[in-house]
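Quick caveat: nothing in here was measured; it's all calculated off a predicted structure. Proteins come first, then strands; the chains are lettered A, B, ... in the order of their sequence lines, and each starts at number 1.
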Amino acid sequence: MSDSLSSALLVWYDQSARVLPWRSDPTPYHIWVSEMMLQQTQVDTVLPYYQRFMSLFPDVFSLASAPQADVLRAWEGLGYYSRARNLHRAAQKVVAEYSGQLPQDLAQLRQLPGIGRYTAGAIASIAFDQPEPALDGNIRRIFARLLNARHPLGTPASDAELWDAARKHLPARRAGDFNQALMDLGASICLPKAPNCPACPLRDFCQAFALGAQKELPVKKAKKPVPEYIVTAAVIAVEGRVLIQQRPQGGLLGGMWEFPGGKLEPSDAGLEDCLQREIREELGLDIQVGAGFGVYKHAYTHFRITLHAFCCALLPGETLDLSAYPQARWVIPPELAAYAMGKVDRQIANRLLKTTPSTPN
DNA sequence: TACTCGTGGCT
DNA sequence: TAGCCAAGAGT
């Protein structure tokens, strides 16, 4: 049943909804892909990726049958690459078990890789018009303010309170629009730091606004400090080719390609020593380290790195047995574009396209 | 529960 | 400028 809060919100949404490609043609596949891309990622960042992804993989069958390498390459730059691997696996499961039709049942949706509580609710409500809440960061913030809820976000008490509130206020009709309206409101008016309360259609329902406490909410847990690591990477060139390797599935940048190297350890005498050790450990090769090939600073979510890249050569007599290291590959620089990489390694690859690495000696 | 997992834009 | 933040999921 529609309460006055949801009615006021839907009136606002009918006037203010953002025009988005997945809203213009809200098939289950479109909603699903968009929701995967939008996890922890803002709409403006997603838009060009969504358009390109749909041109490459217009339906669940083309996605399911594509090589993982193509999916990761299409995802490069969006981050959180487990989303791409999970979406790809889920597409194969939907084809194999559901004849290519995304299930409507909430429990069945949650069985698909990459679909958790939020995304299942979003797909069920937006694509299938089911009365399900979908609690994301925006909606958590909005309900925390509406209720003057003081439990820190992410705690069980907060989750229970906010999911209950979202379900309680869900209208019987247009649940998908209700959820999307809250997300639009969170992205445009009920902002984290500077909420524009005078423009808010829910102002009269908001306890935080009544108390003047909107900027104190939501309460967040304290964050841990982020460590900084010194990292090295080797551009090993032999006869015009450079060595890259694929990272293992599952961890950071899983399935992506990189220039081999690793973290500076306390036992390393220096950057050169670190790089020689890493290449010996990872590939069984002894290398000569030459000139620098750039210093790259990068911030991940939970740590920061300063990466020192070097031009390197194999010591005389060294060869790489590719059958023993199937994750490694020798490629000419123009081919690097076909290999999905994280931001730092892509910067190195792009520099290689412009500059031939110098040969040690 | 707490931690991992990317990147770009903003202040 | 260095943090903060974003349509979370998996372990």
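Electrostatic pairing of A/R150 and A/E216 counts as a salt bridge here, judged by a charged N lying under 4.0 Å from a carboxylate O. Between A/E76 and A/K343 there is no salt bridge, since no side-chain N of the basic residue sits under 4.0 Å from a carboxylate O of the acidic one. The pair A/D159-A/R140 counts as a salt bridge, with a side-chain nitrogen and a carboxylate oxygen less than 4.0 angstrom apart. Classification of A/R174 and A/D14 as a salt-bridged pair holds, one side-chain N sitting under 4.0 Å from a carboxylate O.
As a whole-Å value, the separation of A/Q40 CD from C/dC4 P is 15 Å. Across the protein-nucleic acid pair, A/Y229 atom OH and B/dC5 atom P stand 10 Å apart, rounded to whole Å. Per the geometry, CZ belonging to A/R140 stands 8 Å off C1' belonging to C/dG8, to the nearest Å. Rounded to a whole Å, the CE atom of A/M183 is 14 Å from the P atom of C/dA6. To the nearest angstrom, C1' of C/dG8 lies 13 Å from NZ of A/K221. The interatomic distance linking A/R141 (CZ) with C/dG8 (P) rounds to 10 Å, in whole Å. We find that CH2 of A/W163 is positioned 11 Å from P of C/dG8, with the value rounded to whole Å. Rounded to an integer number of Å, the gap from A/Y80 OH to C/dG10 C1' is 12 Å.
The cationic group of A/R83 does not satisfy the cation-pi geometry with A/Y80, failing either the under 6.0 Å distance to the six-membered ring centre or the 45° limit from the ring axis.
Checking A/G250 against A/T155, the closest nucleotide of DNA chain B that is more toward the 5' end is the one next to A/T155. Projected onto DNA chain C by closest heavy-atom contact, A/G114 and A/E35 fall at different nucleotides, the more 5' of which corresponds to A/E35. Annotation: of the two residues near DNA chain C, A/K220 and A/A120, the 5′-most nearest-nucleotide partner is A/K220.
Using a 4.0 Å heavy-atom distance criterion, A/G251 is classed as a sugar-phosphate-only contact. A/L253 comes within 4.0 angstrom of the backbone, heavy atoms only, and of no base. Here A/A134 lies out of heavy-atom contact (under 4.0 Å) with every strand.
Comparing B/dC5, C/dG8, C/dA7 by their nearest atom to the side chain of A/R23 picks out C/dA7. Of all nucleotides listed (C/dA7, B/dG6, B/dT1), C/dA7 comes nearest to the side chain of A/V43. Relative to the side chain of A/K223, the nucleotides B/dT7, C/dA7, C/dC5 differ in distance, and C/dC5 lies closest. Taking the side chain of A/H302 as heavy atoms from C-beta on, and the options B/dT4, B/dG6, C/dA7, the nearest nucleotide is B/dT4. Here the nucleotide nearest the side chain of A/K343, chosen from B/dT4, B/dT1, B/dG8, is B/dG8.
For A/Y50 and A/F53, the distance between ring centers is not under 6.0 angstrom. Taking the six-membered ring for Trp and the full ring otherwise, A/H298 and A/Y300 have centroids separated by under 6.0 Å.
With hydrogens and angles ignored, a donor-acceptor pair closer than 3.5 Å exists between the side chain of A/R18 and the base of C/dA7. A/T119 contributes no side-chain N or O that forms a donor-acceptor pair with the base of C/dG8 under 3.5 Å.
Rounded to a whole angstrom, the distance from the P atom of C/dT11 to that of B/dG6 is 14 Å. Taking the P atoms as reference points, C/dA7 lies 23 Å from B/dC5, given to the whole Å.
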Pairs: protein N or O with nucleotides 9-11 of chain B N or O, under 3.5 Å:
none

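When the shell of 6.0 Å around NZ of A/K215 is examined, it contains 12 or fewer heavy atoms from other residues, nucleotides or ligands.
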